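Following: one structure in structure tokens, then a few remarks.
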Amino acid sequence: MSADSTDGLSTEPTTEPTTEPTTEPTTEPTTLVIFGGTGDLARRKLLPALFQLGCKDRLPENLKIIGFARQNLTDDNYRDLMGDSVREFGSLAHRTDEWAMFAKNIFFVPGDLDSPGDYAKLKSRLEFLEEGRQPANRLFYLSVAPRFFGPAVANLGSSGLAGEPGLGRVEQGWRRAVIEKPFGRDLDSAQALNESVGRVFDESQVYRIDHYLGKETVQNLLVFRFSNTIFEPLWNRNYVDNIQITASEEVSVGDRAGYYDQSGVIRDMVQNHLLQLLTMVAMEPPNAMDANSLRNHKIEVLRAIRRGGPEGAARNTVLGQYKGYLDETGVDPGSSTPTFAALRLYVDNWRWQGVPFYLRTGKSMAEKVTEIVIQFKRPPHMMFSAAPGDELSPNSLALCLQPDEGVHLRFGVKIPDQGMFMDSKDMSFHYDSAFKDQDIPEAYERLLQDALEGDASLFIRSDHIEQAWRIVEPLLDSKNRPHPYEPGTWGPEAADRLLAENGHKWLGLCGAEDEGHA
Ligand code: NAD
């Protein structure tokens, strides 16, 4: 009985209150080295996110940032360059005093990723900045072209920057490596890269990025599923008819054409982002939100995805290419690189047996939208009809990830003053109106903070990467020419036929029109 109980009734709470871990920013010297520190990603995303974190007091107290790239810049040149970037892409405009303080901890080391001598230079600069204090922590962010991932990690190992295993002088403090996407171009290259990374770092030190996971709305998927009891009982083959995941872009390949033509939509979007979303929708509830529980449950989903080899892939996939793609500068005029994909996947487990998961993504489409629609089954017996000329739609739940972040629940209602005719209407929640005073942070803010704090939950484990490549591999090998489609549409008609084979059609509840993207 609780001590202050006065009436003999227990006032003990029924569940243990959870104590928030106190994550005091560490005062140990910590350095973030950004390889490719002058590149597009560093300028547009990383430095603005770091500055934002600094303004929110969420960085280690003594964090120093070193940009490493080929240009011959001084610390001051680099600070100016990053100041311009944060002004253009971040929140510097009203915070010049804070920037002046922040910039004092930014440094630059000119160097070539292929030159071992330049890692030695970096090492002595690091040691100088750490002032000989131990433990000293180092986060290496590989914001460089993928061909450098393997060699840069190997050089980090041989230069002793990643610790000095084998010499009996393992330095104190943690060492971590953040590796950008794409991680490999197929299963073989991803496995080879995992092996070379594994020669230098333990898996627990490796943070592979899929920036989708840093998005608030993607994390909300987990909160939505696992903090609301009303949906979870329905979240299975008994009530769900099909699940649709769409990530469409209005823009064409633009100035990324040269890169894109070597990569295509499967590598660019499906292998990583769309399969991530699928795992989060389909996974079993983990018993804790720690990195291993979460990632173990996600990989279980990937392992359960039916793999039908090239024939299965051909039957369950529609690839497209927008008209005009071949005229883009940098694209091979005979290219059969797809810019659109629609997939039908099955997750062969107890929860999802027989429920189709439809994935759709592409460039030059009608609208920019990322959404997940869970379409529920029709009532077993329908006593009402739609108004003449209308169609009855079953319940659906749409999780809108962008641009209008929120949730829509569609249900049937009676049309007033028209007998017992019914219509479908949405109950909607929008982040921007529900949290008016709170900005939604950029994905990189969360990811950088997590990497600095050692939380790998939102990063990809080696086994996940490899399994995702196994799933899409037959699509990469496809020799079929993609279906042409008009820019500004929802892709080739064959993508509609893919769903029609199961009596389904593409839904869209999050877009500008909120009324079906078909
Ligand atoms: P980028 O070409 O703009 O920048 C590359 C950086 O690497 C530059 O700082 C350049 O100076 C440096 N560099 C190139 N060769 C070097 C060498 N030999 N030695 C030392 N430095 C060298 O590339 P980016 O767009 O910033 O992309 C970086 C990584 O992030 C890539 O893996 C990319 O796939 C990934 N990524 C980028 C974006 C984005 O929005 N830019 C989005 C997602 C993922």
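In listed order, ligands and their atoms are each counted from 1. Predicted model, so just to flag it, every value in this text is computed and none were measured.
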Approximate separation, where rounding is to 0.5 Å, of Leu139 CG and Gln205 CD
11.0 Å
Could you check whether any heavy atom of Lys45 sits closer than 4.0 Å to an atom of ligand 1, since that is the contact criterion I want to use?
no
Does at least one non-hydrogen atom of Gly111 fall below 4.0 angstrom from an atom of ligand 1?
yes
Contact (N/O only, under 3.5 Å) between Asp40 and ligand 1:
yes
protein heavy-atom neighbour closest to atom 32 (O) of ligand 1 works out as Val144 O, 2.7 Å
The option among Ala42, Ser143, Gly36 carrying the non-hydrogen atom nearest to atom 28 (C) of ligand 1 is Ser143
For this output row, return yes or no: ring centroids of Phe35 and Phe148 closer than 6.0 angstrom.
no
For atom 35 (C) of ligand 1, what's the nearest protein heavy-atom neighbour? Residue, atom name and distance, please.
Lys181 O, 3.4 Å
Using a 4.0 Å cut-off to any heavy atom of Gln71, which atoms of ligand 1 qualify?
11 (O)
Would you indicate whether Met289, at its atom CE, is surrounded by more than 12 heavy atoms from other residues, nucleotides or ligands within a distance under 6.0 Å?
yes
Mind listing the closest non-hydrogen atom pair of Glu249 and Lys363 along with its distance?
OE2-NZ, 3.0 Å
Taking every non-hydrogen atom, the tightest pair across Ile460 and Glu203:
O-OE2, 4.5 Å
My understanding is that we take every heavy atom of each candidate and find the minimum distance to atom 4 (O) of ligand 1. Doing that for Pro151, Gly39, Gly67, which one comes out nearest?
Gly39
Which of the atoms of ligand 1 are close to Pro146, meaning less than 4.0 Å from one of its heavy atoms?
32 (O)
Taking N or O atoms only and a 3.5 Å limit, does Pro182 qualify as a polar contact for ligand 1?
no
Counting only heavy atoms, which portion of Phe149 has something under 4.0 Å from ligand 1: side chain, backbone, both, or neither?
side chain
Ignoring hydrogens, tell whether any protein atom lies closer than 4.0 Å to atom 15 (N) of ligand 1; use the non-hydrogen atoms only.
yes
Could you tell me the separation between the CG atom of Leu213 and the OG1 atom of Thr279, rounded to the nearest 0.5 Å?
7.5 Å
A quick test of your reading: do over 12 heavy atoms of other residues, nucleotides or ligands sit less than 6.0 Å from CD of Gln449?
yes
Should Leu47 and Ile106 count as side-chain neighbours, where that means a heavy-atom distance under 4.5 Å?
yes
Considering heavy atoms of the protein only, find what lies nearest to atom 18 (N) of ligand 1 and give residue, atom and distance to 0.1 Å.
Asp112 OD1, 3.1 Å
For His211, which part has a heavy atom under 4.0 Å from ligand 1: side chain, backbone, both, or neither?
neither
For atom 17 (C) of ligand 1, which candidate among Asp118, Leu41, Asp114, Leu113 holds the nearest heavy atom?
Leu113
Measure the distance from atom 10 (C) of ligand 1 to every protein heavy atom, then report the residue, atom name and distance (to 0.1 Å) of the closest one.
Thr38 OG1, 4.0 Å
For Arg176 and Gly454, which heavy atoms make the closest approach, and how far apart are they?
NH1-N, 3.3 Å
With a 4.0 Å cut-off on heavy atoms, is Phe148 touching ligand 1?
yes
Validation row, ring centre Phe226 to ring centre Phe224 under 6.0 Å
no
With a 4.0 Å heavy-atom cut-off (strictly under), which part of Arg70 contacts ligand 1: side chain, backbone, both or neither?
both
Mark whether atom 2 (O) of ligand 1 lies under 4.0 angstrom from at least one protein heavy atom.
no
Nearest non-hydrogen contact to atom 36 (N) of ligand 1 from the set Arg43, Arg44, Glu180 belongs to Glu180
Going by ring-ring contact (aromatic ring centres under 6.0 Å, His included), name the residues that satisfy it together with Tyr260, two or more places apart in sequence or in a different chain.
none
Supply the atom-to-atom distance Arg175 CZ to Asp202 CG, rounded to the nearest 0.5 angstrom.
14.0 Å
